[in-house]
Amino acid sequence: MFAVTVSFTLHAGAAERFRPLVEANARASVDTEDGCRRFDVCTDPARPDQVFLYELYDDEAAFQAHMKTAHFVAFDGAVGGMVADKTVLTFGQVVS
C-alpha cells in the first residue's frame, strides 16, 4: 500500500465552498479509481480552515494515475484560490 496525507490551510471563509469539492473528489476517487482503496476527508468544527486528507492507494503508480484523472484536475483547479497552504506527504510502506 501507498499512503498520502494532505494538510490544507484554507483562506478565511473558504471552508463552505471547499468542503463539497473535496468530498466529491474523494468519492470519485474511491468509486472510479481501481487503485484507490481509501480517501478520508477529516475536518473539525473548531478549526474550519484546516482540512486533512488520508488516502490509500495500491502503489505509487495508482497515486500518480489519480493525479491525472479528470475529477482531480477539476478539483485542483477549482480550489487553488481557496488554499493558503498545502503540505503533501507520502509513505511507501503501510503496516496495519
*Asks:* Is Asp31 atom CG crowded by more than 12 heavy atoms from other residues, nucleotides or ligands, each under 6.0 Å away?
*Replies:*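 Above 12, so yes.
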*Asks:* Between Leu53 and Val22, is there a side-chain heavy-atom distance shorter than 4.5 Å?
*Replies:*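 Side chain of Val22 against side chain of Leu53, heavy atoms only: contact under 4.5 Å found.
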*Asks:* Give the minimum heavy-atom separation between Ala62 and Glu33, together with the two atoms involved.
*Replies:*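 Nearest pair, atom of Ala62 first, then Glu33: O-OE1, 4.5 Å.
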*Asks:* If you measure from the Lys or Arg side-chain nitrogens to the Asp or Glu carboxylate oxygens, is any gap between Arg38 and Asp40 under 4.0 Å?
*Replies:*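 Answer for the salt bridge query: yes.
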*Asks:* Please answer: with hydrophobic residues joined when any side-chain heavy atoms are less than 4.5 Å apart, are Phe52 and Leu21 in the same cluster?
*Replies:*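 No, no single cluster joins them.
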*Asks:* To the nearest 0.5 angstrom, please state how far the CE atom of Met82 sits from the CG atom of Leu10.
*Replies:*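 Between atom CE of Met82 and atom CG of Leu10 there are 8.5 Å.
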*Asks:* What is the minimum heavy-atom distance between Ala15 and Pro48, and which atoms define it?
*Replies:*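 Nearest pair, atom of Ala15 first, then Pro48: CB-O, 3.2 Å.
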*Asks:* Quick one, Arg19 and Thr43 - any side-chain contact, counting heavy atoms below 4.5 Å?
*Replies:*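 With C-beta onward as the side chain, the pair touches.
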*Asks:* Report yes or no: do Leu89 and Phe2 belong to one cluster of Ile/Leu/Val/Met/Phe/Trp/Tyr joined by side chain heavy-atom distances under 4.5 Å?
*Replies:*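 Not linked; separate clusters.
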*Asks:* Measuring from atom CG of Asp76 to atom OG1 of Thr69, what distance do you get when rounded to the nearest 0.5 angstrom?
*Replies:*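 Here the rounded value is 10.0 Å.
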*Asks:* How long is the gap from CE on Met1 to CG on Asp59, to the nearest 0.5 Å?
*Replies:*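 Output value for this atom pair is 9.5 Å.
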*Asks:* With heavy-atom distances below 4.5 Å as the criterion, would you say the side chains of Val41 and Val51 are in contact?
*Replies:*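 Val41 reaches Val51 side chain to side chain.
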*Asks:* Is the closest side-chain heavy-atom distance between Val4 and Tyr54 below 4.5 Å?
*Replies:*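 SC-SC contact between Val4 and Tyr54 ruled out.
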*Asks:* Between Phe91 and Met67, is there a shared hydrophobic cluster once you connect ILVMFWY residues whose side-chain heavy atoms come closer than 4.5 Å?
*Replies:*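 No.
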*Asks:* Taking the side chain as every heavy atom from C-beta outward, state whether Val6 and Glu55 have any atom pair closer than 4.5 Å.
*Replies:*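 The answer is yes; the side chains approach within 4.5 Å.
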*Asks:* Going from CG on Asp85 to OG on Ser7, what distance comes out if it is rounded to the nearest 0.5 angstrom?
*Replies:*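 Interatomic distance, Asp85 CG to Ser7 OG, rounded to 0.5 Å: 9.0 Å.
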*Asks:* Tell me, do Ser29 and His66 make a side-chain contact under 4.5 Å, heavy atoms counted?
*Replies:*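 The answer is yes, as the side chains (C-beta and beyond) meet within the 4.5 Å cut-off.
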*Asks:* With ring-ring contact (aromatic ring centres under 6.0 Å, His included) as the test, pick out the partner of Phe63 among Phe39, Phe72, Tyr57.
*Replies:*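 So the option named by the test is Tyr57.
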*Asks:* So which atom in Gly13 and which in Asp49 form the shortest heavy-atom distance, rounded to 0.1 Å?
*Replies:*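 That would be N-OD1, 3.9 Å.
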*Asks:* How about His11 and Val83: do any of their side-chain heavy atoms sit closer than 4.5 Å?
*Replies:*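 SC-SC contact between His11 and Val83 ruled out.
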*Asks:* Find out whether Phe18 and Phe8 are in side-chain contact, i.e. whether some heavy atom of one side chain is under 4.5 Å from a heavy atom of the other.
*Replies:*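 When only atoms from C-beta onward are counted, Phe8 and Phe18 do touch, with a gap below 4.5 Å.
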